[in-house]
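Okay, structure first, notes after.
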Amino acid sequence: MGLDFSVVPGFFDVILQGVFWTIAITVSAAVLSFFGGIFFAVIALYAPRAISWPMKGFEWLFMGTPLLLQLFLIYFGLIQIGIDLPAFVAGFVGLGLHFAVYNSELIQTAILAVDKGQMEAARTLGLSRGQALRHIVIPQAVRDVIPPIGNNMIALLKDSALVSVIGVSELTLSAQLAIGRTYRPFEFYAVVAVCYYIINLGMEAVLRRLERRVQASR
Amino acid sequence: MTHHRPFVDIRHAQKCYGELEVLKDISLQVEQKQIVAIIGPSGSGKSTLLRAINDLDPLTSGEVWLDGVQVNKLLPHTQYEKHINQIRQQIGMVFQHFNLFPHLTVRENITLAPKLLKGISDDEANVLAEQQLEHVGLIDRIDYHPSQLSGGQKQRVAIARALAMKPKLMLFDEATSALDPELVEEVNQVMKMLAEEAMTMIIVTHEMGFAESVCDRVLFMDGGVVVEEGAPEVIFRNPTQERTKNFLRKHLEGVK
Ligand SMILES: Nc1ncnc2c1ncn2[C@@H]1O[C@H](COP(=O)(O)OP(=O)(O)OP(=O)(O)O)[C@@H](O)[C@H]1O
Ligand SMILES: [Mg+2]
């Protein structure tokens, strides 16, 4: 049986839907991982032990175990304690928190690397420590780690395929659906690979523009 | 009984870093509109004393008062934070390395604190930024980022940023030490202008000529104590202490 791409157009709507959900979960989880990363970093560096230590356990869970397991835990496990999340929400939370922990590591290092004269100058003007962090230190720290955070976001896009296993009808699941009906795995996996690649290019373009925009402010 | 309390009143300031006593029972009074220079060798405690005034380096013991209010009074943490932020709004500080906010434009550097702390509108903030930049002669740089400015321009923006909070007192910690020699004068000019406008200032400096021409009083510090203080012509022309003489002699040789 040779290759036959003529079956693909018939599943155009299925694939398009997959593209939509892949982008939706990637972007929303990326946003969660970004702000979550800042939040976790601030807690790790500045919160009292009673708060930052449980955070460490949480961090260990998300860094030391497979993402797939985390998704299962959130989607299937939480039901047992009465938390029944829709698949998309479970995927969004799992992906978002998983990468938030990685972003937090980057942001913590960057916060500590911001010249301490910045905090001093801000405090001297009368800003509180919170205001100085929010307006002076964190923006500079985040600016300094945009490239590595960008790499995390690209990894997030690729790992978003994992949420297919809890039934989010993103690209990978769409491909499986089409393959289930046509028995043409190569064709659909190839098409989906191209789709991922194009989304990836789009993300990289956005990241490059972001990096250029912050160049001026160094 | 009420008695006159000087505008800035530092009483028995002591500062220790572990075993090291960096400030040893220093008292200093500065009246409104006075300009005081602090000179002395490296490590003598000049910065530490200056930074005690706005509690950037809290004293181990002793008191700092500004305009009748104790700066370093004992309060529970959250209340103290509120209190000190209030006080710091009234004290401008200029650092050797400028410490401009590199991610913000010149305009934003100047307007950030007034907007956050005084709740002024965007329009008012813009007027304020323009006024302050006009004042230091940098209005045409208003939308630049700090990285696009020379050292002298950076320091003038840093001064404008401090002045935008309308401080009662300005502290300068070697404001020109990090500058190329040809850029020192433009910053000195701005500081002279403030002197003419009757700003109260405490200036840590290595520039004896500038201190002599601008200041009302000079303190010579060494080893955490004020060795000698007096009018500039006395300290620079007729110092009585051996240590002061040595320091000035070495300094002159260094300059040559
Ligand atoms: N955070 C600190 N921990 C320990 N020692 C410190 C600290 N900050 C300052 N010192 C010490 O305190 C002393 C006084 O320092 P300070 O910076 O006030 O000197 P200075 O007169 O401003 O010197 P310079 O002219 O070099 O700026 C020095 O011996 C310095 O090493
Ligand atoms: Mg110093």
Side-chain angles (χ1 to χ4, degrees), chain A residues 34-35 37-38 41-42 45-52 106-150 207 209-218, chain B residues 47 50-51 53-57 77-78 80-106 108-118 143-148 154 157-158 161-167 169-173 178:
Chain A
F34 178 76
F35 291 104
I38 294 173
V42 169
L45 292 177
Y46 302 105
R49 292 243 172 96
I51 300 171
S52 67
L106 292 169
I107 293 167
Q108 282 178 50
T109 312
I111 285 177
L112 295 175
V114 171
D115 176 18
K116 81 182 204 324
Q118 293 291 309
M119 176 59 94
E120 282 187 354
R123 295 308 307 272
T124 296
L125 288 164
L127 272 65
S128 67
R129 190 155 83 155
Q131 287 172 321
L133 280 175
R134 164 148 156 49
H135 296 280
I136 305 300
V137 177
I138 289 171
Q140 290 181 54
V142 167
R143 177 197 70 179
D144 292 340
V145 287
I146 285 178
I149 286 185
L207 287 167
R209 278 185 63 170
L210 254 173
E211 277 170 46
R212 259 207 308 277
R213 268 190 51 186
V214 302
Q215 264 321 317
S217 60
R218 274 177 199 281
Chain B
S47 297
L50 199 69
R51 292 158 58 88
I53 296 173
N54 61 4
D55 207 46
L56 223 45
D57 284 339
H77 179 74
T78 32
Y80 183 73
E81 284 294 304
K82 259 199 177 138
H83 157 78
I84 198 66
N85 292 337
Q86 201 64 46
I87 296 271
R88 283 175 180 156
Q89 292 185 34
Q90 305 165 34
I91 307 177
M93 186 166 207
V94 175
F95 302 87
Q96 182 175 356
H97 296 288
F98 328 124
N99 295 353
L100 289 179
F101 306 132
H103 62 303
L104 302 179
T105 63
V106 166
E108 292 162 341
N109 264 274
I110 295 172
T111 57
L112 177 79
K115 271 170 133 172
L116 275 178
L117 304 172
K118 297 189 168 171
D143 289 315
Y144 282 46
H145 273 95
S147 61
Q148 299 167 301
K154 280 182 194 163
V157 171
R161 175 177 73 180
L163 292 175
M165 290 302 288
K166 311 274 153 109
L169 168 69
M170 284 289 287
L171 309 175
F172 292 85
D173 193 356

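- Listed for the A/Q118 side chain is a donor-acceptor partner under 3.5 Å among the backbone atoms of B/L100.
- Evaluation of the salt bridge (Lys or Arg N to Asp or Glu O under 4.0 Å) rule for B/D55 yields no partner, not counting sequence neighbours.
- Proximity to chain A is limited to the side chain of B/L56, based on heavy atoms less than 4.5 angstrom apart.
- Judged by distance alone, with hydrogens and angles left aside, the side-chain atoms of B/H103 form no donor-acceptor pair with the main-chain N or O of A/V137 at under 3.5 Å.
- Listed by chain and residue number, B/E81 satisfy the salt bridge (Lys or Arg N to Asp or Glu O under 4.0 Å) test with A/R123 (two or more places apart in sequence, or in another chain).
- To the nearest 0.5 Å, the span separating CE on B/M93 from CD on A/E120 amounts to 8.0 Å.
- Here the closest heavy-atom approach between residue A/L125 and residue B/A162 is recorded as CD2-CA, 4.4 Å.
- One distance of note links NE2 of A/H135 with CG of B/L116; it measures 4.0 Å at 0.5 Å rounding.
- Residue B/F95 touches chain A through its side chain alone, counting heavy-atom pairs closer than 4.5 Å.
- Interface remark: B/R161 contributes backbone and side-chain atoms alike to the contact with chain A (heavy atom separation under 4.5 Å).
- Considering all non-hydrogen atoms of both residues, A/L127 and B/A113 come closest at CD1-CB, 3.9 Å.
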request  = Begin from the C-alpha positions of B/L117 and A/Q131 and carry the test side chain to side chain contact (heavy atoms under 4.5 Å, CB included) through to its verdict.
outcome  = CA-CA 10 Å; B/L117 304 172; A/Q131 287 172 321; 3.6 Å; yes

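- Side-chain N or O atoms of B/N54 include none that pairs as donor or acceptor with a backbone N or O of A/T124 at under 3.5 Å.
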